[in-house]
Number of protein chains: 2
Amino acid sequence: MSIRDVAAAADVSYQTVSRVINGHPSVRTATRERVLATIEELGFRRSVTAHALASGRSRSVTVLTANTTHYGYATILQGIEEAARGASYALGIGVLETADERSVRAEIRRAADTGGGLIVIAYDPAGVRALRAVPAGLPVVGVVETPASPPGADRPWVWTDDRAAAHEATRHLLALGHETVHYVPIPSSTSGTAPRTAGWRAALRSAGAPEPRRVQGGWGPAAGHAAGRRLAADPAVTAILCGNDDLALGVIRALHEAGRAVPGEVSVAGFDDAPGSAYLTSSLTSVRLDFAGLGRAAFALLHGVVEQAAPITPHPVSVPELVVRESSGPPPDAP
Amino acid sequence: MSIRDVAAAADVSYQTVSRVINGHPSVRTATRERVLATIEELGFRRSVTAHALASGRSRSVTVLTANTTHYGYATILQGIEEAARGASYALGIGVLETADERSVRAEIRRAADTGGGLIVIAYDPAGVRALRAVPAGLPVVGVVETPASPPGADRPWVWTDDRAAAHEATRHLLALGHETVHYVPIPSSTSGTAPRTAGWRAALRSAGAPEPRRVQGGWGPAAGHAAGRRLAADPAVTAILCGNDDLALGVIRALHEAGRAVPGEVSVAGFDDAPGSAYLTSSLTSVRLDFAGLGRAAFALLHGVVEQAAPITPHPVSVPELVVRESSGPPPDAP
DNA sequence: CTGAAAGCGCTTACAG
DNA sequence: CTGAAAGCGCTTACAG
C-alpha cells in the first residue's frame, strides 16, 4: 500500500497525502482530517525506505563499538536505545571486532551505508580509531574518556568525568589511612595517560603518597585475578583501586585465595558500580557512573547534529558518585 | 555518486553496472573487469536504500528483545551481531519496554518498517507476546525457552535445552547427598510451567525427593538476596538451585549475612555461567549455556528463511554443560 | 552479452 | 490550498 492508495481512497492527490504525513501546514483542516482518517482506516504506514531515498534523511543511528556485553558498554547502548526509540529513530549496531585500521574503516563504511548518524564508543583503541576515521560530513557523536583538554565545538563528544572519579576513590582510600593505593588499570584507549590513571596519580601526588609500580590490568575478572595474585604476594599492599568492578572481583578472589582479608588486611575499590557489586562478599566500594544517562546524552547530541537544531557543546554528562561499602576500610595497622 | 557515474566512466550503460554489482553471469569478462576497476577507482558504494526500495529486499535484521544488558540476552545479541556482520547484514535493535499488547505491537511495526527480518528473544512475557504478534509473511525467528512439545516446521525457533540443564544441576546436588533442592526461579515467560522449573521438578521426582514450597524469584541479585534471606532462615535448607547466576549471587550474599557457610552448610548452584561466576567467593557451580552460539544459530535460521534456501527445522542448539565449582558440596550432616 | 523503459514509494520544487 | 512533473538510485523484465 502506498500514498497513492490512500490518495485514491481519500479522493485527493498523493501529494496532499505526502503533505499530511509530513505535517505540512498548508492543507485545509477538512482535507487533513479526511486523509488522516483514511490512513488510520487503511492502516497505511509510510515506507521508510522510500522516504529515506527521496528525502536523503533517514531517522536512524548506528552505534559503533568494540563491545556490547561489558557493563559500561551495554548500559550506554541501553541509554542510546531508549532515547532513539523515544525519538522514533531506528537503532543499528556495528561491532569493531579488531582495532585494525582496515577493518575499522570497513565497519564505518557499513554503518555509513545505512544513511543515518553515528555514535562511536571510543573507550578502546578500536573505538578511538573509528571516531578518528569517520569521514567529514557524516553526523557523528563520540562517547569518550575524559579528554585531557576541552574539545572544540566541532567535536560533539560526551563523557563522564572519570578522572575526577578516580581521584575521589583514591582520596577515599588514602583518607582511611592507607599509605598509598595500588591501581589495576583497564586497558588504555590511547598511547597517552588514561584519565583514570591520571586521577589516581594526581590524588596520590597531592597527598604526598608514593606512586607504586604499575600493575598489568585488563577488562575482566581473569585479568583482575592475575593482578591480584601479584599484589597479594606483597605484604606492603593494603589498598587497591581497580579500573572496573570485574577487575575488582578477580582481585578480591585472588586476595581471598592468598588468605588476605578484605577489608581487614587489604581494601579494594572498583569502578562502574555494576549491579552485582553491592552483593559481593564483601560488598564492593565503587564509583557509580551514569552510563545510561551518557547514552541518552549521546543520542540527544546526535539528534541535535542531525536536525541542526541545538548548538553543539561537548560536555561531561554527570558527576560520578563514590559508593562506599564493605570492601574498603582502614589499614590493618591503623590505631 | 550513482551507478550512472560509474557507467559513464566505464563507458557502459548503467544496467551493466547493476549486473556487475549483482554478480549477474551474463557480462563479458572484459566488461566486468572494466566496471569493477572503475568502481574501485571511484570508490563507488551501492545505495542500500535504493537497492532495498527497488528490489524489495533489505539484508537487515532487527532483534526484538525486552532486555539488552542481562548476561543471557546480551550474549545472544552478541552472537547475532557476529553472524549478521559475517553475512553483511545490518543489525537493528528494538527494545520491548513493557509486555503491554499495544506497545509490543508498536515495536513490531517499527521493526517491520525497516523491511528486514526479525529475531525475537522470547524469554519473558513481552518477548513471547511479540513472537506471537508478528504478522504472517514477515520473516521471523524465535529464540525461545525449551518448548513443551516439538514445534512445527512453520515455527523457526532455536533454544538450548534448559529443561535438561535444570535436571542435571538438580541431580548433581541430590547426588551430593542433599535430601532435596530448593529452587529460586527466574520469572516465567508464560502461564505454563517454565522449562527450568520442570527440569528441577522432574529430577526431584525421579529421585523421590520431596518438592519444597515455591520461592519467589526474579532476574537480579536483589531478588536473589530477598529469596536467600527467606531460605537462610530455614535450617532444613541445604541446597539451592537458582534460575540464573545473578540470583545465585544474591542468595550467597544472604546466606553469608545469615552466617550460613557455602558450601559447608548450604550448597548453591546457578544457571548461565556468567563470566564473573568463576571468581566469586565461593566460586559458583553453574550450568553453562552457549548463548552466543544460540544467537548465531538464530541468525543462520533467519538467513535461511529470508533467502528461502535451507529447509527450516526448529532445533535445540547445544547441550548445556554443568560446571562444578566450590559452591556445591555435600550437606553438613553427610558422613 | 548489452541497452532502453518502466517502476519501487516517496519528496521536492513548480504551477495554478 | 492543491495538483502535475521530475527525480532519489537502484532493479526488473523486455528487446535486440
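None of these values were measured; they are calculated from a predicted model. These numbers come from the heavy atoms of this one structure, side chains and all, not from hydrogens, waters or symmetry mates. Convention: sequence-line order gives letters A, B, ...; per-chain numbering from 1.
Applying the side chain to side chain donor-acceptor pair (under 3.5 Å) criterion to B:S55, with sequence neighbours excluded, gives no partner residue. By the side chain to side chain contact (heavy atoms under 4.5 Å, CB included) test, A:Y71 pairs with A:T75, A:D272, A:A274, A:P275, A:F291, sequence neighbours left out. With sequence neighbours left out, the side chain to side chain donor-acceptor pair (under 3.5 Å) criterion links A:R32 to no other residue. Not a single salt bridge (Lys or Arg N to Asp or Glu O under 4.0 Å) links B:E33 to another residue, sequence neighbours left out. By the side chain to side chain contact (heavy atoms under 4.5 Å, CB included) test, B:P135 is found to be paired with B:I108, B:L138, residues two or more places apart in sequence or in another chain being considered. Considering only residues two or more places apart in sequence or on other chains, B:A126 meets the side chain to side chain contact (heavy atoms under 4.5 Å, CB included) condition with B:A66, B:L96, B:A99, B:D124. Residues satisfying the side chain to side chain contact (heavy atoms under 4.5 Å, CB included) test with B:I93, not counting sequence neighbours, are A:E81, A:L91, A:I93, B:T68, B:L77, B:V95.
In summary, contact between chain B and DNA chain D, defined as any nucleotide atom under 4.0 Å from a heavy atom of the protein, begins and ends at D:dG9 to D:dT12 in the 5' to 3' direction.
Under the salt bridge (charged side-chain N to carboxylate O under 4.0 Å, His left out) test applied with B:E107, the options B:R105, B:R109, B:R110 reduce to a single match, B:R110.
Among the atoms of the strands shown, only primed sugar atoms or phosphate atoms (P, OP1, OP2) are found under 4.0 Å from some heavy atom of B:R46. The residue B:S47 sits close only to the backbone: its heavy atoms come under 4.0 Å of sugar-phosphate atoms, none of a base.
The 5' end of DNA chain D is approached more closely, in terms of each residue's nearest nucleotide, by A:A54 than by the other of A:A54 and B:R19. In terms of position on DNA chain C, the residue among B:S55 and B:S26 whose nearest nucleotide sits closer to the 5' end is B:S26.
A heavy atom closer than 4.0 Å to some atom of DNA chain D occurs in B:S2, B:I3, B:R4, B:Y14, B:Q15, these being the qualifying members of residues 2-17 of chain B. For DNA chain D, the residues of residues 27-39 of chain A within the heavy-atom distance limit of 4.0 Å (strictly under) are A:V27, A:R28, A:T31, sorted by number.
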Symbol by symbol from the 5' end, with Watson-Crick or G-U pairs under 3.5 Å, [ ] crossing and | another strand, DNA chain D is |||.||||||||.|||
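Using modelled atom types and a 3.5 Å distance limit, the side chains of A:S318 and A:T160 yield no donor-acceptor pair.
Residue pairs satisfying the side-chain hydrogen bond (donor to acceptor under 3.5 Å, both in side chains) criterion with at least one member in residues 37-49 of chain A, sequence neighbours excluded, are listed as follows: A:N22-A:R46, A:R45-B:D113.
Side-chain contact check for A:Y123 versus A:S189: every heavy-atom pair is 4.5 Å or farther apart.
Across every non-hydrogen atom of A:T98 and A:V104, the tightest pair is O-CG2, 3.6 Å.
For B:R296 (side chain) and B:I80 (main-chain N/O), no donor-acceptor pair under 3.5 Å exists by modelled atom type.
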